[in-house]
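For reference, the structure discussed in these notes is given below.
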There are 2 protein chains.
Amino acid sequence: MEEVTEAAPAKTRKGEQTREQILETALDLFREKGYEQTTMRAIAQAAGVAVGNAYYYFRSKEHLIQAFYGRLHDEHLAVCAPLLARQRGFPARLKIVLKTKIETAMPYHRFSAILFKTAADPASPLNPFSPDSEPTRRQGIDLFEEVVSGAGLKLPKDVRSELPYLLWLYEMGIVLFWIHDASAGCARTYRLIDKSVPLVSRLVSLARFPIARLFLKPALALVVDLRRPVEPEP
Amino acid sequence: MEEVTEAAPAKTRKGEQTREQILETALDLFREKGYEQTTMRAIAQAAGVAVGNAYYYFRSKEHLIQAFYGRLHDEHLAVCAPLLARQRGFPARLKIVLKTKIETAMPYHRFSAILFKTAADPASPLNPFSPDSEPTRRQGIDLFEEVVSGAGLKLPKDVRSELPYLLWLYEMGIVLFWIHDASAGCARTYRLIDKSVPLVSRLVSLARFPIARLFLKPALALVVDLRRPVEPEP
DNA sequence: TCTCCTTGTTGAACGTGTTCAAAATAGAAA
DNA sequence: TTTCTATTTTGAACACGTTCAACAAGGAGA
């Protein structure tokens with residue numbers, strides 16, 4: 001529904017149409033030929049506009065990815081929300097979110113590599129930790145907030161509050177693995193999910209016990225500490 | 001000493017000189033102006049050669065990074081080896097390796113972002129999981145093998161054999177954090193090291209206890225399973 | 001010294017992402 | 001309708017990474 005960073009205006013009916021046209025064409029070509037093989041000239045031509053027009057709506061070729069990313073999240077949400085509504089167990093809910101994530105992104109497997117590539121650059125607005133992608137990050141974490149709250153877990157306060165963020169990081173790890181996964185049908189990624197979700201779940205259940213908390217308390221303190229944003233050096 | 005993937009020959013005294021000249025000039029410029037701001041034309045001109053000559057020795061601009069990476073590892077090794085020789089405790093050894101890693105790379109903080117950016121791309125030869133960078137990966141893991149073996153820990157066999165690899169992943173995590181760290185003097189990264197090393201160390205110590213092994217066994221099995229390389233789909 | 005093949009070097013040319021001044025087209029106000 | 005401004009659209013031009021056919025230098029064997 002909403003784009004991550006509105007790279008450009010669309011103040012007219014006509015404008016919105018053009019913008020949509022360009023994005024749609026770009027994503028088609030990306031899926032078809034891959035990101036690198038698709039030139040801005042090809043996108044413009046296929047969309048029936050001039051090159052410069054594409055740059056009027058999207059600051060750069062990379063910004064097309066950003067738009068794609070937002071769209072992907074919406075699709076993921078649409079797929080997993082109904083499934084989530086009829087599952088209460090924590091590991092089951094977690095597995096649903098992760099599997100639908102991979103399934104939704106699967107048509108863009110090759111393409112997603114570029115996404116992560118640019119996302120890893122601290123200078124890029126696509127970087128998931130950047131202020132620019134605060135909305136995307138918020139949405140991602142919110143989904144896991146929903147996973148946790150819907151599961152009715154009994155958890156210590158500190159764990160409870162950081163868990164959605166930690167699960168979001170966990171998801172990023174899964175996605176990173178998936179991107180590098182060249183196995184048939186990405187079977188290894190699914191195996192990773194199937195086997196790691198129970199481990200994570202058990203780890204979370206342990207959070208209540210004093211012995212585990214000996215560990216968790218400093219670990220969580222560290223996470224909280226490091227999440228606090230800092231102003232860069234002058 | 002050794003380069004990661006010999007992108008090009010240097011079969012002559014003269015050739016080696018030229019190669020060295022280009023690499024040195026490139027790294028200087030990268031450090032000075034950043035990677036993106038440094039053009040191949042500028043490198044060639046500053047090195048006193050033609051553009052094409054740079055491409056004779058380095059397959060691409062990115063391959064200059066690869067050469068840099070190998071050089072950085074050698075420097076890191078040179079710095080931390082003597083320190084490692086006079087420290088037996090596991091957490092101390094671990095901390096030495098991580099801190100010297102960051103210190104060695106610090107002059108290239110901005111530049112390293114690009115390294116990780118390209119490294120995140122599965123298609124790139126710089127990707128640390130690619131067959132192409134097997135030597136680099138081997139060297140990185142070997143260093144942690146040395147950290148573990150020199151610490152004289154009593155560990156279960158399965159943990160013992162996977163630990164160097166896991167510590168290497170841990171290091172990658174630290175470096176990833178460092179790259180995104182904009183705090184003054186990267187103070188947060190050092191805090192992360194100071195606080196996470198004891199946690200990791202305690203976690204490792206726990207590996208001997210049966211209760212912990214209830215967890216570790218399936219987790220390690222998963223790691224071992226997923227590390228096994230697979231042929232891509234046909 | 002001369003020959004011949006490997007190694008090293010050149011720079012113009014290509015395709016790419018991107019910019020920008022100028023032109024065309026809304027859409028509202030008169 | 002006509003005018004006027006903000007919005008949209010254009011495509012040539014720019015800078016960059018990269019390629020390649022051609023040329024130069026080096027050095028081993030005669």
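Values below: all heavy atoms of this structure, side chains included; hydrogens, waters and symmetry mates excluded. Here is the naming used below: chain letters follow the sequence lines, and residue numbers restart at 1 for every chain.
- Within the cation-pi definition used here (under 6.0 Å to the ring centroid, within 45° of the axis), B/Lys61 qualifies as a partner of B/Tyr35.
- Taking atom CD1 of A/Ile43 as the reference point, atom P of C/dT18 lies 10 Å away to the nearest angstrom.
- When the P atom of D/dG11 is taken as reference, atom OH of A/Tyr55 falls 16 Å away, rounded to whole Å.
- Nucleotide C/dT16 holds its P atom 11 Å from the NZ atom of A/Lys33, rounded to whole Å.
- Side-chain contact annotation: A/Ser60 with A/His63, donor-acceptor N/O pair under 3.5 Å present.
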Contacts under 3.5 Å, N or O only, protein and nucleotides 9-11 of chain C:
from, atom 1, to, atom 2, distance (Å)
C/dT9, OP1, B/Lys14, NZ, 3.2
C/dT9, OP1, B/Thr18, OG1, 3.2
C/dT9, OP2, B/Thr18, OG1, 3.3
C/dT9, OP2, B/Asn53, ND2, 3.4
C/dT9, OP2, B/Tyr57, OH, 2.9
C/dT9, O5', B/Asn53, ND2, 3.4
C/dT10, OP2, B/Ala50, N, 2.7

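- Rounded to whole angstrom, the span from the CZ atom of A/Phe58 across to the C1' atom of C/dG17 amounts to 16 Å.
- Relative ring orientation between B/His76 and B/His73 is described as perpendicular, the plane-to-plane angle rising above 60° on a 0-90° scale split at 30° and 60°.
- Scanning for ring pair (Phe, Tyr, Trp, His ring centres under 6.0 Å) contacts around A/Tyr108 gives A/Phe68, with sequence neighbours left out.
- In this structure, CD of B/Gln45 is placed 15 Å from C1' of D/dA15, rounded to the nearest angstrom.
- Contacts classified as salt bridge (Lys or Arg N to Asp or Glu O under 4.0 Å) and involving residues 32-50 of chain B (residues at least two apart or in different chains) are not found.
- Atom pair B/Glu62:CD and D/dT18:P shows a separation of 7 Å (rounding to whole Å applied).
- Both A/Arg41 and B/Met40 lie close to DNA chain D; mapped to their nearest nucleotides by heavy-atom distance, the more 5′-ward contact belongs to A/Arg41.
- Between the side chain of A/Ser183 and the backbone N or O of A/Arg188, at least one donor-acceptor pair lies under 3.5 Å.
- Counting to the nearest Å, the P atom of C/dT19 and the NZ atom of A/Lys61 are 14 Å from each other.
- Between the CD atom of A/Glu36 and the C1' atom of D/dG17 there is a distance of 13 Å, given to the nearest Å.
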